[in-house]
Every structure is written in structure tokens, then in C-alpha cells.
There are 2 protein chains.
Amino acid sequence: MARTDDPSDRRAPTIKDVALLAEVGIKTVSRVLNDEPGVRPETRDRILKAVESLGYRRNEIASSIRRRDRRTASIGLIVEDLANPFASSVTRAIQDFAAARSHLVLVGSSDGDPARERTLVQEFGSRLVDGLIIVPSGADQSYLDYERAHGVPVVFVDRPGKRFKADTVVSENAGGTAEAVRHLAARGHERIAFLGDRQSVYTAAQRLAGFKSAMEALHGTADKRYIRTGLRDSRQAHDAAVEVFGLDPAPTALVCGNNLATIGAVHALQELGIRDRVACIAFDDIELADLLRPALTVIAQDTAALGAGAARLLFDRLDEPGAPFRRTTVPVRLVPRESGEIPASA
Amino acid sequence: MARTDDPSDRRAPTIKDVALLAEVGIKTVSRVLNDEPGVRPETRDRILKAVESLGYRRNEIASSIRRRDRRTASIGLIVEDLANPFASSVTRAIQDFAAARSHLVLVGSSDGDPARERTLVQEFGSRLVDGLIIVPSGADQSYLDYERAHGVPVVFVDRPGKRFKADTVVSENAGGTAEAVRHLAARGHERIAFLGDRQSVYTAAQRLAGFKSAMEALHGTADKRYIRTGLRDSRQAHDAAVEVFGLDPAPTALVCGNNLATIGAVHALQELGIRDRVACIAFDDIELADLLRPALTVIAQDTAALGAGAARLLFDRLDEPGAPFRRTTVPVRLVPRESGEIPASA
DNA sequence: TTGTACGCGTTATCAT
DNA sequence: ATGATAACGCGTACAA
């Protein structure tokens, strides 16, 4: 028999309930639900009426375990910290792309912890996501072999994974800092400082590389005393900035490798009373950057393109599992406001 | 028979494969996987070894459709726009709470569109989420009756839903603006302006209400000419600010009801050359608020408590479906920096 | 045009 | 202590 007649039954109606009410077989109901041909219009009407009156909704989960493609129309996304504006913007873009393909997005934050990343991958995997988009942490993503072996494609975003080849989308980090250097050089700056994170962080290394190569192209060399890396938080960035701008001769301009560096550096410049004299270009746009005085000139990442690009690569691979891996580089954009336009006067 | 022996079989190993390899029945495997008693240690070992060697992972989806509680250990979250820092902070807090209970989070953005909200609810529902957390949009959440009837609890966050009673977590909006007024009054301000969004937006209405009641408590009345609402974007806020500060006598202080108002207002004050003279307190903290000059005094929402509170209400209801509905109000915090400390000199 | 039987991977029932 | 078998809700093969 079907189910209890108890009206307080909390369970949602099933295809069986619909079939019973419409007095047809479940397969006929299934046909109607899936727009398959071969159902008489009147039968069809009767079934749709039953669907309506019962408030029937397809159980997508049960459906997916039985369907040939076994797709759940959901993808998993792992970022470092969703509370970070960069991560949430990328996530939003992925959401939109996924929604356009009627897919839902499971989101998790790894906090840069490789173990947490693995745990999330497993949890996503056991919930049968169709694919994964990951901002990878740590030195080894080879554990993803398991997912790939079972048909779950992976796309890396923001930085490449290690020991695991996969489709990847990254920003044009080196190009961004190089452009910043040229932008400053065009305004007469020669002594340009750089504040950045640990070089083990992919983006930090790329940004420094771009900085160095542009400096070398311009002046033949980049003064090492003006370059400070390994800065883990804004406090360290602040202290490094104070030191660098205490040098003689002091730099006349500054490139900040990330947000934390920017916060520390701006505070330092403020304290030193040189915020209006030292040119400054920061990687990553911030909210209300143009409310600052001077308004902050930034190298903005195209988070929308980053997210959409990652989603595109993932869906492309779902469509064509055998295609060669692709790596997309998303241009960054230097947004001139005021701080980067300060000339090297003194 | 079990399955093809083709090693290129993309399908993940099942409990059946494990049983076959360990030479036991599937129920015994299930017992081991679920830590049920009544399995000889040596049998157990054999099974665990088979699990290991096959790389077996439980299919949580298949598991949930059969289990008595039918829980999928996933919840659905609908925010207005995940790219918004407020939304992403709340989301992060919910994620963490859910993770601590081994639940995954499906996230969607409604963009404030009621139809989109409904669509997302349906998609989440047909994927059998255990519960929903929603930042509601529009004038009618009664459609959620269906979810509740089928055992899916709902929690509203940031603002209450309409025509549908449910657990709710909101910020102490009115208290925040009231405190801002008192903060300004303590510095000698009497003519205080207010810039806010449409009054149909719950938080906007609450914030204005708090502003008015505090003004009336202080001066017996709130001058209507200094109050501008219905501001939909920073452009409108800018124009309203220019008008209000063109009045004679002009206000000496300003309370901004939201981020958009803040952006427009600060730009306006800047243009009018009174940014250093007019006191300003803004609702919602912003990144790098203390890099502004003057550093922005804000009424900060406790997004972590908002998210955690919503998640807590949801899990509590999952544990105890019959309990009376609760409404939690999360305190806001006035963060004094510089802009709110400017005295009413001139 | 329609329905029956089976299978997906798991847990639940009940026997052994 | 263990396992055969039903059941979950659905799609699929095939028979009617």
C-alpha cells in the first residue's frame, strides 16, 4: 500500500501519490513530469491536476540517483574565507553562472587549512556534487585524484593547485604590479617600495615577480632594501613601512601587494605625515576607496570574470570531460584615483 | 551480480563492493559504518580494511533517502546579495555554525526579488535541505507554509518575514540610531540630519524610528527638513545631503542609515568642503573605515552574532520542532573613531 | 498509450 | 553475530 492516510503526515507527496490520485501508473506520471511524449492530453491534464492539488514537487535527490547521468545539479565551492570581499564576489559570480545552468552551489571556507579543504571535498563528494571549484591551500592537491577518478571534475581559481593538473583561472597578478610600476615611473618615481605577503603564497610571489621585472626593465635593477615580503598581517606591514620609509634616501612611492599590506602601510604613512607626499598603489580594490584622502589608486581584480571563468571551465569540462586542461588569465585593471597620481616632486 | 569488473568504471565503490570484498553481508558493513553494536572485532577489521582498499565513501544522499530522520545534513541560505560584505559575513558565521554540526550550506542570492526567493526555496526544497535561513524580500512569505508543512523549518535573519511567523534574528536597529543621536547630542549637536532608504525596507524604518524617538526624547521634536528617506542609491543620497546642508540653519551633524547613504553623503560633504566640520555617524561598518579622514564613526552590526544566532535558532528548532517561536535581537555597537566625535562648534 | 518490474545505494526489519 | 530482503522515491527497460 501507499502510505498512511493520516493528514498530519509530514512527508511530501510522491510520484506514487500523484499516480494514485490521477488513477494512472507511476510511469505515466513520470512521463508527464519529464515532458516525454506518448501521453494522451486528457491523461496529462488529470495528472497535472493531481500534481497541483497535492502540491507535488519532484524529489531531485531521488531522481538523480536513478538517472543515467547521475547528476545532482549542484557544485561545491571552497574558498579561503567567504567573509572576505574577494571571496564573496567570486562566489557570487559563480552562483550566477551556476544558476543560469540551474545548478545550486554548496560553499565552504577552508581558512587556508589544507586539512579543512580535504574534509570539505570529501563532504561535497559524498553529497555527490557534479564538480568542484577550489581556491587551493597547502602544497598538495593530489588527493583530488580520487574525485576525478569518479567523474568529479575540479577547477582551481585564484591560484593553481599543486601536484594536480586541472583547469585553472587566475588573475594577471604579475601584469598588475608591473603596470603599477610603470604608472608610477611615468610620474617620475624611481625609488619604489613593495610590501607583500609570504612568497609561498602564489599571488604574492607573482605580484612581486611583476614588480621586480618592471623595475628591472626600467632601472636595470630593483633595490632590495625597498622590498619587504613575508608580511602576514597589517601590523607587520605597518612596521615594515615605517622601516622602509625611514631609509635614506626614502622611497617616493609604494606598491602594496594586498589588502593587509595596504591597511598597515596607509596607517604608517599617516603616522609619518607623508600620506599626501608618497604615491601609493594597492592591489585589490576596497569598498569606499575613493572616500579616502587621497583616494586610493588600486589594481582591481575582476572578481566577476574570475568567478564566471571558473564556472565556465567547470561546466565546459562537464560537457566535455576529455578536453585538454585550460588555464585562463583574467586581466586586472589599474584604477587611477589620487594616491597613485602623486608625482615624485621632492 | 554486482557490477562490471571494468577497472575504468567511473562509479564509486558501494557498500555492496565492500561486502563482497570482505565476504560479509551488506548489513554487516552498514553496521560497521554506522557504529552499531553486534559485530565481531575481527569481522569489523576485515570490513574496515576493505573500505580502505576500495576507497569507499558513503553516499550520503542514498543514505538520507532511506534513513528514518531523512535528514540530508544540509541547509539552505538565501541572502539578498552574497557579494555584499554584510551578507557574506553573516553567511560565514552560519557556515561555521553549520560546520560544527556537520552540516553543509547551500547559498543563493535573491537580489531582493521575491520571485527569485521563491524559486530558490523550491530548488532547495526539492534538494531536501533540512532547514532554511532567509533574508526575506517582498511583502509575503506565506508560501513558506508548504515547507513548514513538510517538516522544513525556516528562520528569518536581518528582518522578519511577512504573513509567516517564524524564528527571527534582527539587529537592534532602532537602538543603534538612537545611540548615535545621543552620542552626537553629548557633543553639543542639536540639528542632526538623517539620510535613509525607503521606509518599506524594515531596517530603514527601524533605524529612522530610533533616530526620531531619540531626537524627540532630547529636543521634544525632530525637524522634518533634516530627514530624508527613500534614498535608493548613493547618487540620491548625495543630492539629498547637498540639499539638507544647504538649508539655513544647516545641520551640524549627520546620521547615515546605510552604506549607500554614507557613500553619497561623504562625497557631498567633501564637495561642500565641510567634511571636517560636520559630525557623521554611519550605520554599518566598512572596510578600512579608519583609513578615512576623519576616520568614520560607525554603528557596527554584529554579523557574526546575527549569523550564529540564526543558525542556532534553526538547529534548535530541528531539535525541538514544537517550541514557541523566538525572536532574537542582536545588539549593535557604536564604534567611535573621529567623524562622530566632531563637536558642534560653529 | 500505458503499466509492471527492476535497479540506484543505503538503512530498517526480521529472521537465523 | 550475521545476513536476506524490503523499502525509500525515482527513472528505465520492456512488456502489454
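Side chains included, hydrogens not; waters and symmetry mates left out as well; all remaining heavy atoms used. Below, chain A is the first sequence line, B the second, and so on; all start at residue 1.
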Whether B:Tyr56 side chain and B:Val18 backbone form a donor-acceptor pair below 3.5 Å: no

field: Side-chain-base donor-acceptor pair under 3.5 Å for A:Arg66 and C:dG7
entry: yes

field: Phosphate contact (D:dG9 OP1 or OP2) by B:Arg70 side-chain N/O below 4.0 Å
entry: yes

task: Report the distance from atom CD1 of B:Ile65 to atom C1' of C:dC8, rounded to the nearest whole Å.
output: 8 Å

- line: Between A:Ser64 and B:Gly38, whichever has its closest DNA chain D nucleotide further toward 5' is B:Gly38

query: Starting at CD1 of B:Ile15 and ending at P of D:dT5, how long is that distance when rounded to a whole Å?
result: 17 Å

query: Quick one: on DNA chain C, does A:Val39 or B:Glu36 contact a more 5' nucleotide (nearest heavy atom)?
result: A:Val39

task: Go through the structure and list residues passing salt bridge (charged side-chain N to carboxylate O under 4.0 Å, His left out) with A:Asp113, not counting sequence neighbours.
output: none

message: Rounding to 10°, can you tell me the angle the first-five-pair axis of the helix from C:dT1-D:dA16 to C:dT16-D:dA1 makes with its last-five-pair axis?
response: 40°

- request: Report the residues that fulfil salt bridge (charged side-chain N to carboxylate O under 4.0 Å, His left out) with A:Arg312, sequence neighbours left out, ordered by chain and then residue number.
  value: none

- prompt: For B:Leu20 and D:dG3, what is the distance between atoms CG and C1' respectively, to the nearest whole Å?
  reply: 14 Å

- prompt: Is the shortest distance from a Lys or Arg side-chain nitrogen in A:Asp319 or A:Arg101 to a carboxylate oxygen in the other one below 4.0 Å?
  reply: yes

Just list the side-chain donor-acceptor pairs under 3.5 Å for residues 40-49 of chain A, sequence neighbours left out, or say none.
| from | atom 1 | to | atom 2 | distance (Å) |
| --- | --- | --- | --- | --- |
| A:Arg40 | NH1 | A:Glu42 | OE2 | 2.8 |
| A:Arg46 | NH1 | A:Ala22 | O | 2.4 |

- line: Heavy-atom nearest pair, A:Pro136 first then A:Pro160, reads CG-O, 3.6 Å

message: Contact list please: residues 123-131 of chain B against DNA chain C, heavy atoms, distance less than 4.0 Å, in numerical order.
response: none

B:Arg68 side-chain N/O to D:dA7 phosphate OP1/OP2 under 4.0 Å: no

field: Residues in salt bridge (charged side-chain N to carboxylate O under 4.0 Å, His left out) contact with B:Arg163, at least two apart in sequence or another chain
entry: none

query: B:Phe97: what forms a ring-ring contact (aromatic ring centres under 6.0 Å, His included) with it, not counting sequence neighbours?
result: B:Phe315

- prompt: Considering only C:dC8, C:dT2, C:dT11, which nucleotide approaches the side chain of B:Lys16 most closely?
  reply: C:dC8

message: To check you understand the geometry: which heavy-atom pair defines the closest contact between A:Ala93 and A:Ala304, and what is its length?
response: CB-O, 3.5 Å

Nucleotide C:dG3, atom C1' - distance to CZ of A:Arg40 in whole Å: 13 Å

Which residues share a side-chain hydrogen bond (donor to acceptor under 3.5 Å, both in side chains) with A:Ser74, sequence neighbours left out: A:Thr72

field: Nucleic acid contacts - residues 47-63 of chain A versus DNA chain C, non-hydrogen atoms under 4.0 Å
entry: none

- prompt: Which ones in residues 27-35 of chain A lie close to DNA chain D, meaning a heavy atom under 4.0 Å from one of its atoms?
  reply: A:Lys27, A:Ser30, A:Asn34

task: For B:Tyr143, check ring-ring contact (aromatic ring centres under 6.0 Å, His included) against everything at least two apart and list the hits.
output: none

Would you tabulate the side-chain donor-acceptor contacts of residues 320-327 of chain A under 3.5 Å, counting partners in other chains and residues two or more places apart, or write 'none'?
| from | atom 1 | to | atom 2 | distance (Å) |
| --- | --- | --- | --- | --- |
| A:Arg326 | NH2 | A:Asp316 | OD2 | 2.6 |
| A:Arg327 | NH2 | A:Tyr202 | OH | 3.2 |

